[in-house]
There are 2 protein chains.
Amino acid sequence: MPSAVRAKGRALEASEEAAAPGSSRAARAAERRAAIVEAALEEFIARGFAATRLDDIAKRAGVAKGTIYLHFKDKESMFEELVRIVIVPVVERLTTLPPPTGSVRDLVEAFASNFLKEVANTRRGDLVRLIVAEGPRFPAVADFYYREVVSRGMAGMRALIELGIARGEIQQKNLARFPQILVAPALIAVIWQSLFARHFPLDAQEMLRVHLDLIFGERRTT
Amino acid sequence: MPSAVRAKGRALEASEEAAAPGSSRAARAAERRAAIVEAALEEFIARGFAATRLDDIAKRAGVAKGTIYLHFKDKESMFEELVRIVIVPVVERLTTLPPPTGSVRDLVEAFASNFLKEVANTRRGDLVRLIVAEGPRFPAVADFYYREVVSRGMAGMRALIELGIARGEIQQKNLARFPQILVAPALIAVIWQSLFARHFPLDAQEMLRVHLDLIFGERRTT
DNA sequence: AATATATGACTGACCGGTCAGTCAAAGTCA
DNA sequence: TGACTTTGACTGACCGGTCAGTCATATATT
């Protein structure tokens with residue numbers, strides 16, 4: 001065992017490798033894969049699918065172009081996998097959240113503020129815009145996003161709305177038919193940030209609060 | 001004159017020219033330009049900027065590729081002009097609409113239904129998605145869209161909201177600070193149509209009505 | 001005939017994808 | 001444990017197809 005450790009140390013000194021390479025081959029491979037995913041996400045967001053060059057992704061990931069093809073079949077499937085890889089953990093985090101506390105409004109508010117923190121002002125937000133942008137040309141991506149995010153989100157929101165109606169917190173009964181309305185401003189916020197923030201910064205937090213006031217009625221408690 | 005007609009007839013037979021050529025040169029040039037714009041719009045919407053081939057635009061417009069360059073400097077400026085060309089008339093139509101009648105709600109409702117008819121289920125709607133998609137890479141386009149559509153739309157909506165508040169039709173005073181909220185579901189509808197309509201058709205009309213109920217209170221009059 | 005337009009074959013830069021070769025790490029043996 | 005062999009991850013030069021933009025030629029108009 002100590003020999004293995006020493007061997008690793010030697011290897012590290014020998015090559016001019018950067019930072020903290022995981023020891024085993026598998027670990028290093030995983031790191032590289034992660035670097036590629038990270039770089040690809042960045043490039044795809046910045047340039048869109050068609051205009052992104054694999055060479056640039058490789059360079060940004062600190063990897064040779066060929067390496068990319070050890071991890072992904074081709075550019076297209078890389079893009080599709082990418083979306084899955086990035087979105088799945090977000091969905092998990094966002095769905096395992098709800099601690100069944102307090103009023104429905106509090107629940108929704110917690111969810112909203114979490115969304116702002118986790119998505120709206122993150123690379124993740126740009127990813128949403130990217131999906132909107134490329135969706136029509138990548139049915140697989142649109143399908144996946146619908147299944148994993150949209151339909152789930154709708155179901156969750158609808159449940160929340162119905163609970164709110166049952167408890168008398170929400171008046172407008174028809175809202176349950178269109179959970180999109182509840183989410184719409186959040187999506188607008190995401191799009192606004194990446195298109196118009198430079199022209200006119202938007203206080204998304206505040207906008208969402210006003211929107212919730214609209215749905216639940218003005219808040220008394222400060 | 002008859003000779004000219006005969007000559008034209010011959011030309012038409014000789015080349016496999018189409019349809020109804022406007023008589024004057026200027027007219028024919030305008031027609032061609034329009035055909036190119038139409039074709040380019042179609043292609044850009046379907047494939048996005050980078051993936052669109054000029055050859056395809058030319059073919060669809062029934063024109064040689066070189067002809068495109070008689071009307072536009074290059075692909076990029078063609079795209080930018082395209083957005084202007086298509087959007088300007090829509091803005092004009094939508095801004096010259098409001099006949100100063102009835103309640104604010106009626107005004108907004110008229111505007112909404114007009115939006116649905118003129119934009120949501122049209123190529124124009126797809127254009128909005130295209131702008132969202134390509135905006136970050138075409139600052140000129142994003143700027144233009146912000147100036148001509150977003151800021152104007154916001155101002156108009158804000159005016160309407162303030163009127164509604166003054167007349168007591170709208171309770172939530174803060175709404176005037178975020179006219180985006182009023183518009184959000186409309187944009188969602190546009191995006192939904194082009195991404196998820198196949199999975200789950202959305203009754204945009206009805207959704208907008210529910211949203212207005214939320215803002216103005218439930219409607220009594222059927 | 002002279003001019004204005006339109007054409008589409010052509011060019012060359014560019015980029016996705018490949019693959020022969022390299023070398024650190026894992027495996028084997030004494 | 002140290003030396004020798006095998007493996008396969010990684011590299012990057014290269015190839016071939018593609019496509020924006022050009023321009024000599026052809027066609028229409030005056």
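So you know, we letter chains A, B, ... as the sequences are listed, proteins then strands, and number each from 1. Note that the structure is a prediction, hence the values are computed from the model and not measured.
- Put simply, A:R53 has no side-chain N or O that comes within less than 4.0 Å of OP1 or OP2 on C:dG16.
- When rounded to the nearest whole Å, the span between CG of A:D55 and P of C:dC14 equals 12 Å.
- The interatomic distance linking A:I36 (CD1) with D:dT11 (P) rounds to 9 Å, in whole Å.
- With rounding to whole Å, B:K59 atom NZ is found 12 Å from C:dA9 atom P.
- For A:F138 and A:F49, the ring centers are positioned less than 6.0 Å apart.
- The CG-P distance, from A:L70 to D:dG12, rounds to 13 Å in whole Å.
- Contacts of A:K65 with the nucleic acid, taken as non-hydrogen atoms under 4.0 Å apart, include base atoms.
- Rounded to whole angstrom, the span from the CE atom of B:M78 across to the C1' atom of D:dC19 amounts to 13 Å.
- Considering only the side chain of A:A64, D:dT11 comes nearest among D:dT11, C:dG16, C:dT5.
- Within 4.0 Å (heavy atoms only), B:L54 reaches sugar-phosphate atoms of the nucleic acid but no base atom.
- The distance from atom OH of A:Y69 to atom P of D:dC14 is 18 Å, rounded to the nearest whole Å.
- Checking A:G66 against A:A51, the closest nucleotide of DNA chain C that is more toward the 5' end is the one next to A:A51.
- At distances below 3.5 Å, at least one donor-acceptor pair connects side-chain atoms of B:R158 with backbone N or O atoms of B:A176.
- Atom P of nucleotide C:dG17 and atom CG of A:D74 are separated by 5 Å, given to the nearest angstrom.
- Atom pair A:F79:CZ and C:dG16:C1' shows a separation of 17 Å (rounding to whole Å applied).
- Using a 4.5 Å heavy-atom threshold, the side chains of A:V119 and A:N114 count as separate.
- B:L41 approaches B:R123 most closely through the heavy-atom pair CD2-CG, 3.8 Å.
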